[in-house]
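Heads up: the structure comes next, in structure tokens.
Lettering of chains follows the sequences in order, A, B, ..., and the numbering in each one begins at 1.
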Amino acid sequence: MTEPVRVRFAPSPTGKPHVGNIRTAMYDWIFARHTGGKFILRIEDTDVARKKEGALEAIMESLKWLGLDWDEGPEVGGDYGPYFQSQRLELYQKAAKKLVEKGNAYYCYCSPERLEALRKEQEARKLQTGYDRFCRNLSPQERAAKEAAGIKPVVRFKVPEQGQTRFHDLIYGDVVFENSIIDDFVMLKSDGYPTYHLASVVDDHTMKISHVIRDEGWLSSAPRHLLMYKALGYEPPLYVHHPVIVGADRAKLSKRHGAVALLDFRDMGYLPETMFNFLTLIGWSLDDKTEIMTRQQIVENFSIERMGKTGAFFNMEKLDWMNGVYIRGLTIDDLSEKLLPFLDKYLPPEVKRPLDVNYVRQIVPLIRERINTLKDAAAYAEFFFVDKLEHDASKFTDKKTNAETALTALKSAEEILSSLDSFDCDQLENTLRRLAEKLGVKAGQLFNVLRVATTARDATPPLFETMAVLGKERCMKRIKAAISRLGNNRDS
RNA sequence: GCCCCCAUCGUCUAGAGGCCUAGGACGGCGGCCUUUCAAGCCGUAAACAUGGAUUCGAAUUCCAUUGGGGGCACCA
């Protein structure tokens, strides 16, 4: 095996690719980069009915967002194109014809209705389902009659009735199938389009694909492909089937498990480096402890031998944690930049746009270790942006602090703070600690009351930094509002 | 029904016969730090599906069983 490594990601354009598909693309890409091989993007658009508008764009956008650049494929071209199967029909038709001529395939005129009835009956009698080879040995006259009737045939592969097909999968090891349980599958549909089986075999061969990396669901159709390679006289590629990502019910991940498209994760505020790292780790590990890895580290250390065989659950809690780790690793400027569109989208409409980047930059250090996604920021930092706060009176009091104390503290704070000329952290701290002492309350009690007054929250970034960013004017306004809120509350 | 694949803490995993009284991470719990919330740090509970076989010795090998997943389309 001295052939250069060429791997392909071959999605069909039926929607936004979900994390499972994309993980396959990642393994392709990582393996290609690790070996210095080529990563090819090929579009399997042979099902006219399932093709979806915008799907191709979503595929490319997903790959680009994760930084998976392809060496050949749409937009970039390549020596083995075209890279859309719908533009390669002739190739498949020629291959099918060749197999018919060689006696490895035949035309089938069975109607969908007959096939449907056949399957129903097989199921009812609990028999092995599959085509009954009705057209396998049609006489020339019978064929001519069907043709004359205007029936458009499909081409079926003539599967040997005896023997076994075996192959070595790089992850699953040796796998053996009895040929007798494989039915004569359709290679070429009556509309002239190939099925996946034919198209992928022809393309993988003509595109000189060295390793077929795909999910485990394909394991059971691999023997069909091997049989075709043999009949066509092609050298088969190496197979690397990998386990799938499963949902909470352990079933293969799909739309019904909720938000699973990669781009949805982008929109929820996960970073591409998080997704790359996290997705790699579902089914592959470097060693017994390394978890946070750069793309470079992953590429350098990746090996198929260290991929697992077990379907894995997509653990959202761990994803959140990891995204937090990556967020905290960003510089203030970088994070501010990334946060801007999310703040713009999720902050209440009354907040004036455009947002001030410099102001955001001041806030970022305060919320950085408190958010796990970019989207979290808006809800977390809302009080930094809105004009009017809704104070919840009950938040001012706790076991240690009653309403009386809170009100007194606020009034004293208002007085002393209004005399301050600047609102920097040190000065605020000095002033307020002294005030607490004077009032005979714990510093924390006073801080908490002021926290609620200035933010309307009981969980915020550190008080002095927060107040400093908010600025004197806004703080004083809010403290006054809090005083009247508390006063009114007590009177009523 | 037939065929294929899989099986270590709740979850993701390390483990390729003795290093395992099974390691790490997320989550949980407890603590430290602390003006709240986080972050950080420390600690803790928590798993080899079951039964045989091989071996001086098995999470690691083999065979059953059980459980789970996938396939059996003119879809990929």
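- Checked for salt-bridge contact, Lys97(A) and Glu90(A) miss the test: no charged N lies under 4.0 Å from a carboxylate O.
- Backbone-only engagement by Thr46(A) is indicated by non-hydrogen atom pairs under 4.0 Å involving sugar-phosphate atoms exclusively.
- The nearest heavy atom of RNA chain B to Phe464(A) and to Lys318(A) marks one nucleotide each, and the one closer to the 5' end goes with Lys318(A).
- Distance noted for atom C1' between rU65(B) and rA22(B): 25 Å (whole Å).
- No salt bridge links Arg214(A) with Asp28(A); every basic N to acidic carboxylate O contact stays at or beyond 4.0 Å.
- With sequence neighbours left out, the salt bridge (Lys or Arg N to Asp or Glu O under 4.0 Å) criterion links Asp203(A) to Arg42(A), Arg88(A).
- Using a 4.0 Å heavy-atom cutoff across all strands shown, Asp47(A) reaches sugar-phosphate atoms only and no base atom.
- Annotation: Glu178(A), atom CD; neighbour count of heavy atoms from other residues, nucleotides and ligands within 6.0 Å is above 12.
- Heavy-atom distances to RNA chain B give each of Thr195(A) and Tyr172(A) a nearest nucleotide, and the one nearer the 5′ end belongs to Tyr172(A).
- The nucleotide rC72(B) finds its pairing partner in rG1(B), both defining distances of the Watson-Crick or G-U wobble pair being shorter than 3.5 Å.
- Proximity of a side-chain donor or acceptor of Trp284(A) to a complementary backbone N or O of Ser303(A) within less than 3.5 Å is detected.
- Mapping heavy-atom proximity under 4.0 Å, the span of RNA chain B touched by chain A runs 5' to 3' from rG1(B) to rA76(B).
- When both distances must be under 3.5 Å, the Watson-Crick or G-U wobble mate of rC41(B) is rG31(B).
- The ring of Tyr380(A) has its center no closer than 6.0 angstrom to the ring center of Tyr346(A).
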